[in-house]
Amino acid sequence: MNRTHAVDMEPAARAAELRARIEDANHRYHVLDDPDIPDAEYDRLMRELVALETAHPELVTPDSPTQRVGAAPSGAFATVRHEIPMLSLGNAFSDAEVEEFERRIEQRLEVRDPLFSVEPKFDGLAISLRYDDGMFVRGATRGDGEKGEEVTPNLRTIKAIPLKLRGKGWPRVLEVRGEVYMPRAGFERYNEKARASEGRIKPLVNPRNAAAGSLRQLDPRITAQRPLAFYAYALGVVEGGELPATHSATLKKLREWGFPVSELVDTARGAAGCLAYYARIGAQRDALPFDIDGVVYKLDDLAGQRELGFVGRTPRWAIAHKFPAQEQQTTVEAIDVNIGRTGAATPTARLAPVFVGGVTVTNATLHNADQVARLDVRVGDTVIVRRAGDVIPEVVRVIPEHRPPHAKPWQMPAHCPICGSDIVREEGEVVARCTGELTCAAQRVQAIFHFAARRAMDIDGLGERYIEDLGELGYVTSVADLYKLRLDDLLEMKRRADERDGTTPAHLLKSGVKAGKVATKWAENLIEAIGHSRRTTLERFLYALGIEHVGESTAKALAVWFGDLALIRHLPWPILKLVPDIGGEVARAIDAFFQQPGNQKVIDDLIARGVTIIDMHAPSAKLRAELAMASVLEQAEIPKLTAKRAEQVAAAFDSIGAMLKADAVALAGAGLPRDTADAVQAFIVTHDGRDLLLRCEHAVEQLRAATAGAAAIETGPLEGSTVVLTGTLSGLTRDEAKAKLEALGAKVAGSVSKKTSFVVAGESAGSKLDKARELGVEIWDEERLLAFFIGHPT
DNA sequence: ACACCTCGAGGTCG
DNA sequence: CTCGAGGTGT
């Protein structure tokens with residue numbers, strides 16, 4: 001069933017279709033305890049049907065699912081009739097709907113800003129408990145709201161449910177309603193046991209179904225093994241006793257009588273108060289020990305409740321305000337392959353747009369071919385989509401029943417969709433790669449995009465689109481070409497691109513601005529940004545080159561350690577490997593990159609076109625490099641080259657690289673006597689540069705030990721601590737915070753581990769904060785961080 | 001085994 | 001800004 005076609009259908013036909021689907025879902029959910037569609041999808045269908053029936057009242061049939069709440073109970077348990085039906089609540093999904101809810105109450109009761117009793121909406125199973133003379137006598141599931149199943153023996157196993165009331169003053173007959181649920185911890189523990197049992201115990205799908213399934217066990221001993229809990233939230237039949245006049249007071253009474261009532265229940269004034277409560281609970285949601293799918297607002301005044309009454313079976317005095325669904329159902333329209341900077345071919349699912357967890361999702365990464373195979377996702381499939389950690393959209397699973405008949409398993413294409421080169425997956429690797437390297441337009445674009453990135457060369461205004469245009473129209477084939485672009489080139493390019501696309505952006509036409517003028521501004525800005533980027537640091541430059549395995553952190557290590565591009569670009573890998581945190585794999589990758597003549601040429605071109613490295617680390621690192629070189633020269637026992645002279649030579653050149661290229665004249669210019677200069681040059685000529693650099697290895701290694709000691713001396717208050725930043729900081733940017741922390745000696749890492757000293761949590765911090773809590777890592781808020789900075793100026 | 005880094009991806013907001 | 005997979009380093 002494809003819902004993209006649904007809107008085109010006749011209302012009557014659509015209503016019939018909706019009914020059939022909802023009834024089917026009801027059956028699977030309530031009778032079989034084996035739901036086949038997510039709750040959100042069910043809600044959506046139901047809302048659509050309600051809307052349809054509201055618009056066309058003549059379409060309402062007696063058997064419509066809107067005319068009742070659930071499906072018939074299964075025959076396995078005795079049926080219990082609820083003398084007072086168990087309610088179902090109307091749903092609100094937006095602030096506007098909550099305000100509308102309040103407005104209706106205000107109008108009908110002629111009150112202002114009514115007081116609401118507010119509580120979390122537990123994701124479990126509603127039940128009803130009957131107490132005669134204070135003794136628990138019978139318990140039942142909600143069923144369809146009218147009739148439920150008697151599950152008294154199972155309920156008796158739940159320790160949160162009192163078998164005998166406490167305190168005093170309870171009515172002779174008391175029916176208490178609430179929710180049976182499975183706390184997350186219990187759910188996890190149970191599933192761990194299930195996994196360990198290797199198939200003997202079936203793992204539970206989710207806490208909600210777990211609660212439902214557990215209560216419907218025919219053998220209460222099985223129920224007893226399930227970690228179930230209970231919260232009370234309402235009353236049913238009450239005979240022979242006085243009750244308070246408000247819902248909140250009723251809940252208090254229930255607590256006194258021994259029922260668990262959530263700590264999170266509260267009261268709130270008006271829609272504004274309710275919305276504030278919604279935000280407050282929503283913020284805590286992930287940290288709660290149980291699942292909730294929203295909050296419930298109930299008019300606190302019971303007399304008011306009676307006056308408002310019901311529409312059908314839903315009360316006018318209460319509403320459930322649901323959180324955005326975290327899982328949704330949609331269809332896969334295509335599976336595309338993206339080619340990354342390194343050629344990595346990543347499959348991505350293009351989805352029919354769907355609203356999940358508060359945002360519209362149209363794409364979901366499938367990571368790699370293995371993942372696609374694991375899920376068996378095919379084009380045309382109906383899938384469940386979730387936002388992992390509430391952020392990154394991912395495909396959870398496919399619904400095989402909805403698979404179109406001729407869908408074929410997906411396969412990684414054999415050739416790059418951009419350049420046609422072979423896509424190859426190396427033995428033992430997970431990622432498949434396009435082998436086109438820089439002949440592949442996609443890789444070129446990505447390489448330039450990376451080069452221009454804020455944390456690399458920081459060329460503002462150079463987006464992916466323009467890079468594509470510049471490349472396709474032949475203006476830029478390597479990053480070095482960026483620095484020979486002139487204003488005219490950009491304008492010409494823009495004009496040709498617009499001609500090719502046959503478009504001038506619509507909003508420009510509308511606003512009446514001359515497109516040429518906008519293009520001029522863009523071109524001017526870009527030229528200026530490129531100009532700015534010419535002055536950069538060594539670590540940014542190295543990072544920008546996009547060497548495999550060289551990210552920011554490795555680039556910085558290289559910069560700090562060697563301090564000199566001319567040196568680094570000629571270093572053999574065994575020397576590179578001396579740097580802490582650089583191992584054989586990375587060292588070889590760097591070596592291999594610089595061995596490519598094309599890459600060396602790009603670097604030469606960049607320098608020739610004005611890229612200058614202003615290196616903050618140079619002095620100490622350069623000194624180290626000089627000393628290393630000097631000691632190699634010394635040990636070479638070159639005639640007449642004393643230790644002092646060797647140091648003099650090393651110091652006279654900007655870099656070792658420059659020195660290695662020096663001829664006798666230049667050496668003499670550095671102050672060496674002519675014969676010594678000749679001898680040194682002879683030495684340099686007989687050993688090629690790489691060989692000489694290799695000879696530095698020993699010297700560098702010794703220096704490394706020395707520097708390690710020196711680093712420990714320049715100690716800050718946070719020396720030796722590892723800090724992780726998460727969430728949004730308001731007073732300063734992340735980069736500023738990072739810089740300051742580093743200045744104080746801290747190491748700023750990207751992920752939380754037990755070695756983390758503390759986590760700084762800003763606004764809307766995510767999973768890293770959870771992880772920190774889990775590991776018991778100290779957590780700082782922004783205020784504390786700022787206070788610390790004030791206490792420890794840099 | 002564990003910690004950390006790289007690389008790629010998606011969505012929002014100004 | 002964030003997540004997750006896959007790798008590398010030690």
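None of these values were measured; they are calculated from a predicted model. In what follows, chains are A, B, ... by sequence order, proteins preceding strands, each numbered from 1.
Of the candidate nucleotides dT10(C), dA9(B), dG8(B), dG8(B) has the atom nearest to the side chain of T342(A). Of the candidates dT8(C), dC5(B), dA9(B), dT8(C) carries the atom nearest the V586(A) side chain, counting heavy atoms from C-beta on. Of the listed nucleotides (dG10(B), dC7(B), dC5(B)), dC5(B) has the atom at the smallest distance from the side chain of T554(A). Closest contact between the side chain of H367(A) and the listed nucleotides dG9(C), dG4(C), dC4(B) involves dG4(C). Checked against dG6(C), dC7(B), dG10(B), the side chain of V430(A) finds its nearest nucleotide in dG6(C). In the set dG10(B), dT8(C), dC7(B), the nucleotide with an atom closest to the side chain of P393(A) is dG10(B). With distances taken from any side-chain atom of N368(A) to the nucleotides dT8(C), dG6(C), dC7(B), the minimum falls on dG6(C).
Side-chain contact of Q595(A) with Q600(A): a donor-acceptor pair under 3.5 Å is absent, judged by distance alone.
Nearest-nucleotide positions on DNA chain C place L725(A) closer to the 5' end than the other of L725(A) and E429(A). If T722(A) and T346(A) are placed on DNA chain B by their nearest nucleotide, the residue sitting closer to the 5' end is T722(A). Comparing T362(A) and G340(A) by the nucleotide of DNA chain B whose heavy atom lies nearest to each, the residue mapping closer to the 5' end is G340(A). Along DNA chain C, the nucleotide nearest R455(A) and the nucleotide nearest D370(A) are compared for position; the residue whose nucleotide lies closer to the 5' end is R455(A).
As a whole-Å value, the separation of F449(A) CZ from dG8(B) P is 12 Å. Separating the CD1 atom of I582(A) from the P atom of dT6(B) is a distance of 10 Å, rounded to the nearest angstrom. Here dC1(C) presents its P atom at 7 Å from CZ of R454(A), a figure rounded to the nearest Å. Atom-to-atom, CG of D581(A) to P of dT6(B) comes out at 10 Å; the value is rounded to the nearest Å. Separating the OH atom of Y543(A) from the C1' atom of dT6(B) is a distance of 9 Å, rounded to the nearest angstrom. Distance, H549(A) NE2 to dC7(B) C1': 10 Å, rounded to whole Å. In this structure, the CG atom of D336(A) is 17 Å from the P atom of dG8(B), given to the nearest Å. In this structure, R386(A) atom CZ and dG11(B) atom C1' are separated by 18 Å, rounded to whole Å.
Using a cut-off of 4.0 Å between Lys/Arg side-chain N and Asp/Glu carboxylate O, D370(A) and R425(A) are scored as salt-bridged. A salt bridge between E468(A) and R444(A) is absent, with no side-chain N of the basic residue lying under 4.0 Å from a carboxylate O of the acidic one. Remark: D376(A) engages R378(A) in a salt bridge, criterion side-chain N to carboxylate O under 4.0 Å. A salt bridge is defined here as a Lys NZ or Arg NE, NH1 or NH2 lying under 4.0 Å from an Asp or Glu carboxylate O, and R350(A) with E333(A) fails to meet this definition.
In this model, the phosphate group of dC5(B) is approached by a side-chain N or O of S553(A) to a distance below 4.0 Å at OP1 or OP2. In this model, the phosphate group of dG11(B) is approached by a side-chain N or O of N363(A) to a distance below 4.0 Å at OP1 or OP2.
At the heavy-atom level, I547(A) lies under 4.0 Å from the strands shown only through sugar-phosphate atoms. Counting non-hydrogen atoms under 4.0 angstrom, Q371(A) reaches nothing in the nucleic acid.
Rounding to the nearest 0.5 Å places CG of D336(A) at 11.5 Å from OG1 of T346(A).
Partner assigned to dT12(B) is none, using Watson-Crick or G-U wobble distances below 3.5 angstrom.
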